[in-house]
Each structure stands twice: as structure tokens, then as C-alpha cells.
Amino acid sequence: MNKILKILLPSVLGLLLFVGLWALVSQTSPQLPGPIKTWDSAVQLFSDPFYRKGPNDQGIGWNILASLQRVGIGFGMAAAIGIPLGFMIGRFDFLNRMTAPIISLLRPVSPLAWLPIGLLVFKAANPAAIWVIFISSIWPMIINTAAGVGRIPQDYMNVAKVLNLSEWKIFTKILFPAVLPHMITGIRLSIGVAWLVIVAAEMLTGGVGIGFWVWDEWNNLNVEHIIIAIFVVGIVGLLLEQMLVLLAKRFSYE
Amino acid sequence: MEKYVQIENVQMVFDTRKGPFVALRDINLNIAQGEFISLIGHSGCGKSTLLNLVAGLTLPSGGAMLCAQREIAGPGPDRAVVFQNHSLLPWLTCFDNVYLAVERVFGGSESRAVMKKRTQDALALVGLSHAEHKHPHEISGGMKQRVGIARALSMQPKVLLLDEPFGALDALTRAHLQDELMKIAADTKSTVIMVTHDVDEAVLLSDRIVMMTNGPAAVIGEILEVNLPRPRARLELANDSKYHQYRSAVLDFLYRRQLRPAA
């Protein structure tokens, strides 16, 4: 009991301090709603998360799910292409040197810069948003998977050589398990990026989604809802991250 | 003498940034079937290079190497290697680590059940039947090294190659494993080449000790035949005058004739 208290106490204290500061700031600036007002609004909002009153007025639950769906599709496609590509880049030096300049050139590009290209090619907002998620979340997976392949200890490759294993056995018994932790790191970073980007992308594309919802509430000047949205985005991001941390733990061998 | 492993006029030159580096030259060595050979010398004398050549992990720059009348053209399961740092795959259990090797060698000709039996026998040989379902990180360093030996033996290699197999272990574990290796080599009549820097280990285990001069361009300085009756017992040898003669012969070579200039 005492132990749990010791672990929890600092976090609880930190949160209380944060809420206290927020309350203080909201006292001095009348436009910013305080914690209590926001809480009341959140209780009301979450009492009916799944209502539909037309395309531009749906419950917070639908908005979150819509964003998660976009992230899921964009990220899923990025993983399906990025991870195999990362393996090949790591395994074959020629391919590595061939792709290196393209990757270094495109990786630092701000995700939203890709949005007009998406709109142009797909002629619709939703696929364009998915495209932005795809292109911005693919890089960490390519780079980390390739780095993981490059960092396989020579000992393991010597085992493969001495046993004269087939390429398939090398892949399933050595390459894949050795790279898995790096791959999961890449996936974690990618999910993080995807979730960061979706809010911004949806602000621009509209429709249903947590990003659009923030923008819509800004137009309604409903600041409580904007603050709630910030917390929702944070909590969902945290949950995604924790899921992958658990996954990483499952596949660590030390 | 029967020539099971033949090394003739082998030389090894590495290309480095500073130009070619001659690691080994004029290496001639014939090894009989069932013989236990130690390669000993100071660090950097090329003894591991020679072992890697026999393993086929590197190919010689010159000369010829044969194993059982066949040219050594690359690594193969007929020459099993036990690495210094065990090199077990951490995501596989001890059983699966050995099974991977068994499957590679016997997968084409034997049923799963037979291969399973082979794997269990190999682990039993090194006294690790109880640990077959453990992962490498759950067992001690000595046990890992024993799994490495089991993996090598399970392939029924023509030659067993050991690269400082006990170098990373504490003295007590090392002595224990040396005794076990001696027994296993006798039981399986294995041909063994072992790289070591431990004089006692070399004298205790070997039929012949190959002493190498300091690099670069190392050659075989001297070959010492160890005529101690087998089975050998560590404790009895401690008072054996012949054992001490061999021991001082190796020490003399290493520390008087090949004393390494202060690094």
C-alpha cells in the first residue's frame, strides 16, 4: 500500500499542480474556461457520445472513431509497404544507397505539405487525409527496420553461415526476430506521428473527425470543447503508445 | 599418418586501408581423424583466423585446404563451430537452438520424431535435458556454452571447431566444462580443433599443441605432441612430471621465444 502511494504520489501531485495553474490562469483571463466548467461540459458531452444530427454534428465518439479509422488505414498501408521495404534496404546495400537520397530529401517535409498533392490526385478530402497519414508515418518504419537489419550482431549471421541456412530460414529464424524490437520502435514512432498529423489534416479537410471537431468548436467559440478535445487527443495518443509498449515488451528477449 | 584435415601452404592476406596485411603464411598441418588439436599463441597471432579458414567463414589467399578429401570452399555443417560467446539465438529455447542445426543437417532424410530425439540426445550429452525449454537468458554462461557445444555435436560434424570456447567463463566452470568436453570428445571420437590461450587447457585436452609465432605473417612455430594416457584426470596430472614438462615447453615457447613486445 505504502509502495503504491510512493509511486502514485508524484504523478498525482503533478496533475493537481497542473489543474491548479490552469484554474489560476482562467481566473485572470475570462475567455479561458476553468477546470470545473470544462469538467461539467465534458460530463455532458460524454453522456451521449454517439448521436448523429446531420453530417456536421455528430457525437464525440463518432469523431474519435473517424479519426482512428483514418489513422488505421493510412498507418496500415504505410506499415505494409514500409516494413518490407525497410528489410530490403537493410539487407541489400545497393538498394540502401539507391533510396538514401530520396528518403533524406522527403523525410523532413512537413506532413501537411503533402495534403495538396493528395487532394489533387484523389480529388476528395478523406483519401487525401489518409494519404497524409501514410506519407508521414512511413519514414520511421522504413528507417528503424533498415537500421535493425543493419545492427544484427555478426554472431547471429555467423551461425547462419556455419549452419548454411536457407534464405527463408535466415529470415524467419534470425532476421525477423532480431529486427522485431527495432521494427516495433518504428511502429511506435509512426503511430505517434500519425496521431499528431491527423488532427491538423482534419482541420483542413473537414468532414467527421476529432481535428475537424476542434475547428468546428472554434467556429462556435465553444472553448470548453476545444480543451476537452486536447485532452481526448492526448489520452488516445497515450493509449496507442501504451499498447505498443506492451507489444514491445512481449517481444523483447533480454 | 592419416590426413583427415589437410592444410597445405595456406596463407591469408587481408586487404586493409594501409595496404595488404599478411596474417598467416606457410601454414602446413595435417590432422588425423579423432585427433584433438589445440592452436595456441598470443593475441593477434592469427589462430582464430586459421580456425575461421577451416570453418570456411573466410577463404585463404593461397594454398589448399581439404577436409575428408574435399576442398573447403565455404562453411558447411560438416565443420561445426562453437563460438566464444555461445552465439545462441535469444528468441529460441535451448531445444529450438539445437533443433535448428539438426533440422538443417537431417531435415531431408529423417522424420520429425527422429530429429527431436537427436536434439534431446545432444542436450543430454552436455547434461542439459532439464533446461531444454528455457531461453538462453534464463541460464548461466556455462550452460549457454554447453548448449553451443550440443548444437555443434548434434550435427554429427566431421570436425568440431572451438574458438576459445571457455574463455569467457570463470575458472571453476571452465575446469568443469573442460572435463566434460574431454569425455564427450572421447565418447564421440570427434576430431577437434580448439583455439585457446590457456596453457593448462591445451596440455590437458590435446593430442598435439600447435604453437604459433607472433603476427603479422604468423607461422606455426612448433608442434608439441602430448603423450599423456587417456582418460586424463586433472588431479592426477597435477603431480605428473610429464604433464609439467609439456606445460613448461609451451610456456617456454610463449614467454621466452615468442615474448610479445610490450603493447
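Computed from a predicted model, the values in this text were never measured in an experiment. In what follows, chains carry the letters A, B, and so on, assigned in the order in which the sequence lines appear, proteins first and then strands, with residues in each chain numbered from 1.
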> Hey, mind stepping through B/Thr196 and B/Glu164 against side-chain hydrogen bond (donor to acceptor under 3.5 Å, both in side chains) and telling me if it holds?
Replying inline: CA-CA 5 Å; B/Thr196 183; B/Glu164 297 189 28; over 6 Å; no
>> Closer than 3.5 angstrom, by distance alone: can the side chain of A/Arg91 be matched with the main-chain N or O of A/Val149 as a donor-acceptor pair?
In response: no
> With a cut-off of 6.0 Å (strictly less than), are more than 12 heavy atoms of other residues, nucleotides or ligands near CZ of A/Phe50?
Replying inline: yes
>> So if I take each residue of residues 68-76 of chain B and look for any heavy atom under 4.5 Å from a heavy atom in chain A, which residues do I end up with?
In response: B/Pro75, B/Gly76
>> Strictly distance-based, threshold 3.5 Å: is any side-chain N or O of B/Arg174 a donor or acceptor partner for the main-chain N or O of B/Leu169?
In response: yes
> B/Asn97 side chain to B/Thr93 main-chain N or O, any donor-acceptor pair under 3.5 Å?
Replying inline: yes
> Side chain, backbone, both or neither: which part of B/Leu88 has a heavy atom under 4.5 Å from chain A?
Replying inline: backbone
>> For the residue pair B/Arg118 and B/Phe106, would you count it as a cation-pi contact if the rule is NZ or CZ under 6.0 angstrom from the ring centre and within 45 degrees of the ring axis?
In response: yes
> Looking at residues at least two apart in the chain, or sitting in another chain, which of them share a ring pair (Phe, Tyr, Trp, His ring centres under 6.0 Å) with A/Phe231?
Replying inline: A/Trp22
>> Only heavy atoms, only distances under 4.5 angstrom. Which residues in residues 139-159 of chain B are near chain A?
In response: B/Arg151, B/Met155
> If only atom types and distance count, is the side chain of B/Glu138 paired as donor or acceptor with the main-chain N or O of B/His135 below 3.5 Å?
Replying inline: yes
>> Please check this pair: side chain of A/Asn96 against backbone of A/Gly90, looking for a donor-acceptor N/O pair closer than 3.5 Å.
In response: no
> Are a donor atom and an acceptor atom from the side chains of A/Ser137 and A/Ser190 found within less than 3.5 Å of each other?
Replying inline: no
> Does any non-hydrogen side-chain atom of A/Asp155 lie less than 4.5 Å from one of B/Phe83?
Replying inline: no
> Which members of residues 47-59 of chain B, sorted by number, sit under 4.5 angstrom from chain A on a heavy-atom basis?
Replying inline: B/Leu57
>> So B/Leu92 and B/Tyr99, do their side chains get closer than 4.5 Å, heavy atoms only?
In response: no
> Does A/Gly209 offer a backbone N or O that forms a donor-acceptor pair with the side chain of A/Asn63 under 3.5 Å?
Replying inline: yes
